[in-house]
Amino acid sequence: GHFSTIQVPTKGLAKAALAARVDGELVDLSHRFTGNAALALVTSRDEAEALDLARQTGNRFLAANVHGNLGRLEYKQADYLNARKDFENALRLFREIGNIYGESMVLYFLGFIDIALDNNEAARPLLHESIRLSHKIGATTVTLIALCGVARLYARAGEPERAVELLGM
């Protein structure tokens with residue numbers, strides 16, 4: 001059969017999607033499905049439902065993704081305290097299930113939160129660990145995003161040349 005992934009628009013209500021229901025089943029946004037399906041987006045208004053279902057079914061991957069998606073929304077809204085809580089929950093869950101990709105993404109977000117809060121020394125080890133893990137699994141985009149965070153730290157420390165050198169420009 002033909003496989004598709006859920007394509008979530010980047011505007012309006014769909015931008016706030018945390019998960020989706022495909023034919024009534026709660027799934028992660030990266031879920032692949034075949035044929036026609038009834039699709040409903042689960043937004044932050046439905047987060048309790050998504051987390052409850054993840055707990056009831058023992059689906060730690062779904063719970064980690066719900067926390068990660070909430071963290072992203074909170075980060076974009078500059079709600080760093082709540083974003084950190086959700087990212088820390090996601091990080092714990094991704095580590096429990098051995099999801100290195102999810103772990104590396106959450107680590108760079110936690111580093112970016114520390115950068116936003118001018119806590120540069122706390123950001124550095126988070127970004128370095130994100131780089132190490134993402135490079136290990138070949139997640140180039142995650143590696144590059146975390147490298148940009150490290151370059152930002154160099155620039156903030158008065159070393160713009162080092163930042164430029166890091167990015168190979």
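Heads up: numbering here begins at 1 and tracks the sequence.
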Heavy-atom closest pair (Asn82 atom, Glu74 atom, distance to 0.1 Å) is O-OE1, 3.0 Å
Is there a donor in the side chain of Asp86 and an acceptor in the side chain of Asn89, or the other way round, less than 3.5 Å apart?
no
Tell me, do Phe94 and Phe61 make a side-chain contact under 4.5 Å, heavy atoms counted?
yes
Do the side chains of Arg162 and Glu165 get close enough for a salt bridge, i.e. N-O under 4.0 angstrom?
no
Distance check, rounded to the nearest 0.5 Å: Leu127 atom CG versus Thr143 atom OG1?
11.5 Å
Distance (rounded to the nearest 0.5 Å) between Asp79 CG and Leu81 CG
7.0 Å
Which pair of non-hydrogen atoms, one from Ala64 and one from Ala90, has the smallest distance, and what is that distance?
O-CB, 3.4 Å
Minimal heavy-atom distance between Leu117 and Tyr80, with the atoms involved, is CD2-CD1, 3.8 Å
State, to 0.1 Å, how close Ile115 and Gly149 come at their nearest heavy-atom pair, and which atoms those are.
CD1-O, 3.7 Å
Among residues at least two apart in sequence or on other chains, which ones pass salt bridge (charged side-chain N to carboxylate O under 4.0 Å, His left out) with Arg72?
none
What is the ring orientation for Tyr75 with Phe112, classed by angle as parallel under 30°, tilted 30 to 60°, or perpendicular over 60°?
tilted
Go through the side-chain N and O atoms of Ser104 and Ser134 and say whether any donor and acceptor fall under 3.5 Å apart.
no
Could Asp114 and Arg84 be called an ion pair, given the rule that one side-chain N must be under 4.0 Å from one carboxylate O?
yes
How about Val142 and Tyr101: do any of their side-chain heavy atoms sit closer than 4.5 Å?
yes
Residues passing the salt bridge (charged side-chain N to carboxylate O under 4.0 Å, His left out) test with Glu88, sequence neighbours excluded, are none
Roughly how far, to the nearest 0.5 Å, is CG of Leu166 from CD of Glu159?
11.0 Å
Please find the pair of heavy atoms, one from Gly71 and one from Phe87, that lie closest to each other, and give the distance.
C-CZ, 3.3 Å
Could you walk me through whether Arg124 and His128 satisfy the side-chain contact (heavy atoms from CB on, under 4.5 Å) test, starting with their C-alpha distance in whole Å, then the side-chain angles of each, then the deciding distance to 0.1 Å, before giving a yes or no?
CA-CA 6 Å; Arg124 190 175 312 281; His128 283 224; 3.7 Å; yes
Treat each ILVMFWY residue as a node, draw an edge where side-chain heavy atoms are under 4.5 Å apart, and state whether Leu93 and Leu62 are in one component.
no
Tell me the closest heavy-atom pair linking Leu107 and Ser130, and the distance in Å.
CB-CB, 3.9 Å
What distance separates Glu103 CD from Arg95 CZ, expressed to the nearest 0.5 Å?
4.5 Å
Heavy-atom side-chain contact between Arg156 and Asp118 under 4.5 Å
yes
Euclidean distance, Met105 CE relative to Thr141 OG1, rounded to 0.5 Å
9.5 Å
Distance check, rounded to the nearest 0.5 Å: His67 atom NE2 versus Lys85 atom NZ?
12.5 Å
